[in-house]
Amino acid sequence: MTSIRPLRVAIVGAGPAGIYAADILSKTDLDVSIDLFERLPAPFGLVRYGVAPDHPRIKQIIVALHKVLSRGDVRLIANVDYGVDVKLEDLRQFYDAVIFSTGSIKDAPLPLPGVDLPGSFGAADFVSWYDGHPDVPRTWPLEARTVAVLGAGNVALDVARILAKHADDLLPTDIPANVYEGLKASPVTDVHVFARRGPAQVKFSPLELRELGHVPDVDIVVYPEDYDFDEGSMAAIESSNQTKQVVKTLTDWTLTDPSAQTASRRIHLHFLHQPDAILGDGKVEALRTERTALQGDGTVRGTGETHEWPVEAVYRAVGYFGSPLPGIPFDQDRGVISNREGRVVDLSGAHLPGVYTTGWIKRGPVGLIGHTKSDASETIRHLVEDVTGVGEGGNPADGDAAGGRTAPHGEPRAVLDFLAERGVEYVEWHEFEVLDEHEKALGVPQGRERIKVVPREEMIAVAKGRTLA
Ligand SMILES: Cc1cc2nc3c(=O)[nH]c(=O)nc-3n(C[C@H](O)[C@H](O)[C@H](O)COP(=O)(O)OP(=O)(O)OC[C@H]3O[C@@H](n4cnc5c(N)ncnc54)[C@H](O)[C@@H]3O)c2cc1C
């Protein structure tokens with residue numbers, strides 16, 4: 001088979017999933033040219049805008065992602081919002097295949113009386129604020145002394161830790177000035193984390209949990225009356241080293257002598273409490289929880305016994321949920337693009353020719369950054385099968401004589417002209433690098449690795465070498 005030009009592939013979403021997909025695709029035998037679209041003026045997705053600023057080791061993953069984009073064989077076209085600036089029919093003009101890797105940025109809904117009261121927040125919004133996401137307000141109302149965090153995963157731990165940590169202890173990180181000032185003024189003293197199930201059922205990673213115990217001037221309080229294990233719990237502890245480590249850390253904390261706890265702030269970890277209602281007259285004044293009981297297999301049932309906790313703010317860290325994209329089949333129940341192993345499928349289950357997905361928007365918002373790599377491998381394997389006609393399960397029409405080269409305008413410049421004509425101020429890799437260097441330079445006088453630029457207009461202006469009015 002001879003082809004007249006490289007296969008043109010667009011990847012929409014420059015988080016880890018999109019960048020890994022680009023990297024893996026570029027290393028296949030296909031003669032391919034890849035453009036990576038991103039809504040924000042900066043790539044790296046939740047590694048830049050989700051991973052907590054005090055997790056520099058994880059943030060370092062950006063170094064590896066940066067290397068892929070600086071090689072020059074994957075073209076970044078940032079500040080382009082799919083659905084607003086371009087749609088599938090536009091992309092089909094320029095690309096033979098499109099891979100969606102748009103992730104999830106929104107909180108999963110939590111139907112709870114009082115959930116809309118002022119003072120009730122989604123964790124995703126708070127995370128976006130403290131990580132300097134350009135699309136959220138610059139200020140955050142940190143007025144509460146006592147706060148509840150609902151959830152038993154790592155995001156709940158991140159939120160609790162950032163709320164409880166003294167702002168000065170976050171100063172070595174890349175937090176923007178507005179975030180430092182907001183946290184510095186916070187009057188918080190007590191952060192209560194509530195988990196529905198027992199200590200052996202939480203989804204905390206051992207490392208992240210242990211880290212709580214090392215936050216300066218913050219004590220961890222675990223209540224013996226919440227500490228229950230059924231047969232299902234014992235089986236979980238036996239079968240999972242991770243669960244064993246988590247339970248050991250929690251057990252050590254139940255044995256702490258309360259008189260030794262002299263910190264000015266506390267994180268309380270409560271188990272076997274499910275949220276029942278957020279209470280308050282015009283604002284959050286309390287959280288009501290219902291005591292749950294383990295049923296033998298690690299699941300819980302409500303007992304009818306309720307507790308009221310006087311808190312002034314509630315953060316819901318019960319998971320993220322994907323958002324639909326215009327023109328792309330979406331599974332509303334799971335919050336993912338409808339797909340079969342990365343091939344996007346319509347209602348009848350047929351593959352939408354040339355359309356693929358990967359990352360959190362493919363399989364749901366669970367799993368670590370590393371998981372998006374194996375995910376991308378699967379999607380790219382199917383794309384290659386479809387283009388070459390080698391392999392099973394693809395759309396036979398894709399493996400045609402033209403080698404899947406279907407786009408009428410395969411010239412790489414054409415899409416840039418199209419965006420410019422539409423007035424889209426796209427940001428390319430060399431321009432992002434200017435922003436990247438600028439952020440690093442901002443950090444130098446304070447001995448910090450970088451200070452993030454937050455407002456979108458400022459990010460673009462810096463990237464384009466313009467001075468802001
Ligand atoms: C609060 C939090 C903390 C985390 N901490 C860790 C951790 O410590 N360690 C770890 O391994 N994992 C962590 N994770 C998980 C990790 O962030 C995810 O596994 C990973 O980011 C998922 O990658 P993704 O590329 O699918 O999605 P994302 O990282 O969300 O990337 C999606 C990209 O698509 C872009 N996009 C969205 N819509 C559009 C559109 N319409 N047009 C163009 N572009 C679009 C977004 O701007 C974004 O850049 C954390 C997650 C969260 C939420």
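Side chains of D386 and Y356: a donor on one and an acceptor on the other come within 3.5 Å. No side-chain N or O of T173 forms a donor-acceptor pair with one of D54 less than 3.5 Å apart. Side-chain contact, E385 with H382: a donor N or O sits under 3.5 Å from an acceptor N or O. Using a 3.5 Å distance cut-off with no hydrogens or angles, the side chains of T251 and Y227 do pair a donor with an acceptor.
In this structure, R71 places its CZ atom where more than 12 heavy-atom neighbours from other residues, nucleotides or ligands lie under 6.0 Å away.
Listed by chain and number, the residues in a side-chain hydrogen bond (donor to acceptor under 3.5 Å, both in side chains) with E305 are H307 (sequence neighbours excluded).
For residues 229-238, the pairs satisfying side-chain hydrogen bond (donor to acceptor under 3.5 Å, both in side chains) are Q201-S233, D230-S233, with sequence neighbours left out.
Salt bridge annotation for R291-D226: present, with a cationic side-chain nitrogen under 4.0 angstrom from a carboxylate oxygen. Salt-bridge check for K59 with E449: failed, with every basic side-chain N at 4.0 Å or more from each acidic carboxylate O.
Inter-residue side-chain proximity for H192 and H270 is flagged as met; some heavy-atom pair is nearer than 4.5 Å. Between K203 and R197 there is a side-chain heavy-atom pair separated by less than 4.5 Å.
Across all non-hydrogen atoms, the minimal contact from S128 to I105 is OG-CD1, 4.0 Å.
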